[in-house]
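Just so we're clear, the structure is a prediction, and the values are computed from it rather than from any experiment.
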Amino acid sequence: MAKKTVVVLDYGSGNVRSAVRALEAAGAQVELTADPKAIAAADGLVVPGVGAYASVMEQLTKIGALRWIGRRIAGGQPVLGICVGHQVFFEQGVEHGVETEGIGEWPGVVERLQADVIPHMGWNTVRPPANSRLFAGIEDERFYFVHSYGVQKWEFDVTQPAMTPPQVTWSTHGTDFIAAVENGPLSAVQFHPEKSGDAGARLLRNWLETL
């Protein structure tokens with residue numbers, strides 16, 4: 001069977017080589033690029049992200065990536081967001097009093113976690129829904145988080161009776177926050193699967209199997 005092709009979006013984010021290596025180890029043929037033709041043709045697109053929400057949105061906008069990401073989602077082509085690449089799919093990010101408009105696939109505001117210790121750095125459990133495909137077989141495992149901000153409320157209003165609502169996975173650090181969302185072709189995780197050992201490798205394989 002031919003390997004699934006995955007593009008890791010290259011837009012100037014931090015160290016993404018570990019994500020490339022993890023996807024290759026999971027069985028994908030991976031290319032790190034911002035080429036629109038490669039993005040359109042790939043079986044899967046990974047949107048990484050580290051640092052500030054506003055900076056990531058600025059970089060994505062600068063290279064025209066929002067259009068390419070939107071086209072993939074509209075066409076039912078799988079996309080996976082990681083860390084800040086997860087956060088930008090929500091409506092808004094607020095950091096240091098600065099409000100930044102996000103991609104807006106899901107309602108919600110990325111805000112500073114209400115916790116005594118910030119950042120949330122290290123291993124933590126998650127609470128996926130019973131029929132999650134991303135977390136199949138790893139429901140009770142721990143994943144590696146590095147973040148100070150997250151979405152702490154889920155306010156998705158399903159207006160179409162026939163529409164399947166997104167599946168939301170939660171975790172807790174001081175307060176509950178969204179650790180992952182699975183929504184048709186679009187999935188995103190707050191933690192770093194590429195730094196999460198065997199559990200992260202299994203999650204990436206689970207995602208590749210959906211492509």
Side-chain angles (χ1 to χ4, degrees), residues 19 46-57 73 79-159 163-204 206-207 210:
V46 172
V47 181
V50 295
Y53 186 104
S55 175
V56 170
M57 280 302 301
I73 296 170
V79 176
L80 175 66
I82 295 176
C83 197
V84 185
H86 152 87
Q87 296 176 355
V88 294
F89 284 105
F90 290 88
E91 285 179 323
Q92 187 182 60
V94 179
E95 295 184 358
H96 308 296
V98 177
E99 298 180 2
T100 303
E101 183 179 351
I103 295 174
E105 288 291 329
W106 304 313
V109 179
V110 179
E111 300 176 290
R112 186 176 173 87
L113 296 176
Q114 302 302 308
D116 292 335
V117 178
I118 293 292
H120 174 213
M121 182 181 296
W123 298 83
N124 204 345
T125 55
V126 299
R127 303 186 299 278
N131 54 348
S132 167
R133 295 187 69 181
L134 274 186
F135 293 93
I138 46 174
E139 296 88 352
D140 299 321
E141 298 291 340
R142 291 176 176 268
F143 299 87
Y144 192 80
F145 292 83
V146 183
H147 65 119
S148 299
Y149 297 82
V151 178
Q152 295 155 56
K153 295 179 182 178
W154 179 252
E155 300 173 341
F156 190 88
D157 182 21
V158 178
T159 57
M163 182 179 181
T164 302
Q167 297 174 298
V168 181
T169 294
W170 294 87
S171 187
T172 303
H173 180 71
T175 186
D176 290 344
F177 67 89
I178 294 175
V181 182
E182 299 166 67
N183 184 198
L186 177 59
S187 297
V189 296
Q190 176 63 70
F191 53 85
H192 288 273
E194 75 278 11
K195 298 179 181 178
S196 296
D198 291 343
R202 174 65 184 272
L203 181 136
L204 292 176
N206 285 349
W207 180 67
T210 70

| Residues in salt bridge (charged side-chain N to carboxylate O under 4.0 Å, His left out) contact with Arg133, at least two apart in sequence or another chain | none
| query | How far apart are the closest heavy atoms of Pro107 and Phe90, and which atoms are they? | reply | O-CD2, 3.2 Å
| message | With a 4.5 Å cut-off on side-chain heavy atoms, are Met57 and Ile103 touching? | response | yes
| query | Any idea which heavy atoms bring Gly108 and Val151 closest together, and the distance? | reply | CA-CG1, 4.3 Å
| note | Rounding to 0.5 Å, atoms CG (Leu113) and OH (Tyr149) come to a distance of 9.5 Å
| query | Can you find a pair of side-chain heavy atoms, one from Phe89 and one from Val79, that are under 4.5 Å apart? | reply | yes
| How would you list, by chain and number, every residue that makes a side chain to side chain donor-acceptor pair (under 3.5 Å) with Gln167, sequence neighbours excluded? | Asn131
| task | To the nearest 0.5 angstrom, please state how far the CD1 atom of Ile82 sits from the CG atom of Leu203. | result | 8.5 Å
| said: For a quick test of reading the model, state the closest non-hydrogen atom pair linking Val56 to Val84 and the distance between them. | reply: CG2-CG1, 3.6 Å
| query | Is it true that a side-chain atom of Arg202 and a backbone atom of Ala136 form a donor plus acceptor pair closer than 3.5 Å? | reply | yes
| query | Can you find a pair of side-chain heavy atoms, one from Leu186 and one from Trp106, that are under 4.5 Å apart? | reply | yes
| task | Compare all side-chain heavy atoms of Gln190 with those of Phe145 and state whether any distance is below 4.5 angstrom. | result | yes
| query | Salt bridge check: are Asp176 and Arg127 linked by an N-O gap of less than 4.0 Å? | reply | yes
| message | Which residue in the set His173, His86, His120, Gln87 passes side chain to side chain donor-acceptor pair (under 3.5 Å) when paired with His147? | response | His120
| If every non-hydrogen atom of Asn124 is compared with every non-hydrogen atom of Thr172, which pair is closest and at what distance? | ND2-O, 2.8 Å
| said: Could you tell me if the side chain of Val109 sits less than 4.5 Å from the side chain of Glu155, heavy atoms only? | reply: no
| field | Heavy-atom closest pair, residues Val126 and Ala179 | value | CG1-CB, 4.0 Å
| field | Close side-chain approach of Glu182 to Phe135, heavy-atom, < 4.5 Å | value | yes
| Working for side chain to side chain contact (heavy atoms under 4.5 Å, CB included), residues Gln92 and Glu101 | CA-CA 5 Å; Gln92 187 182 60; Glu101 183 179 351; over 6 Å; no
| said: Is any side-chain heavy atom of Trp207 closer than 4.5 Å to one of Pro193? | reply: no
| task | Apply ring pair (Phe, Tyr, Trp, His ring centres under 6.0 Å) to Trp123 and list each qualifying residue two or more places apart in sequence or on a separate chain. | result | Tyr144
| message | To the nearest 0.5 Å, what is the distance between CZ on Phe191 and SG on Cys83? | response | 11.0 Å
| field | Closest contact, heavy atoms only, Asn206 versus Leu134 | value | ND2-O, 2.8 Å
| remark: Output for pair (Ile178 CD1, Trp154 CH2), nearest 0.5 Å, gives 5.5 Å
| field | Distance (rounded to the nearest 0.5 Å) between Thr169 OG1 and Glu139 CD | value | 10.0 Å
| query | If we only count heavy atoms from C-beta on, is the Asp140 to Thr125 side-chain gap below 4.5 Å? | reply | no
| note | Separation between CD1 (Ile138) and OG (Ser132), nearest 0.5 Å, reads 7.5 Å
| Gln152 (side chain) donor-acceptor with Arg112 (main chain) under 3.5 angstrom | yes
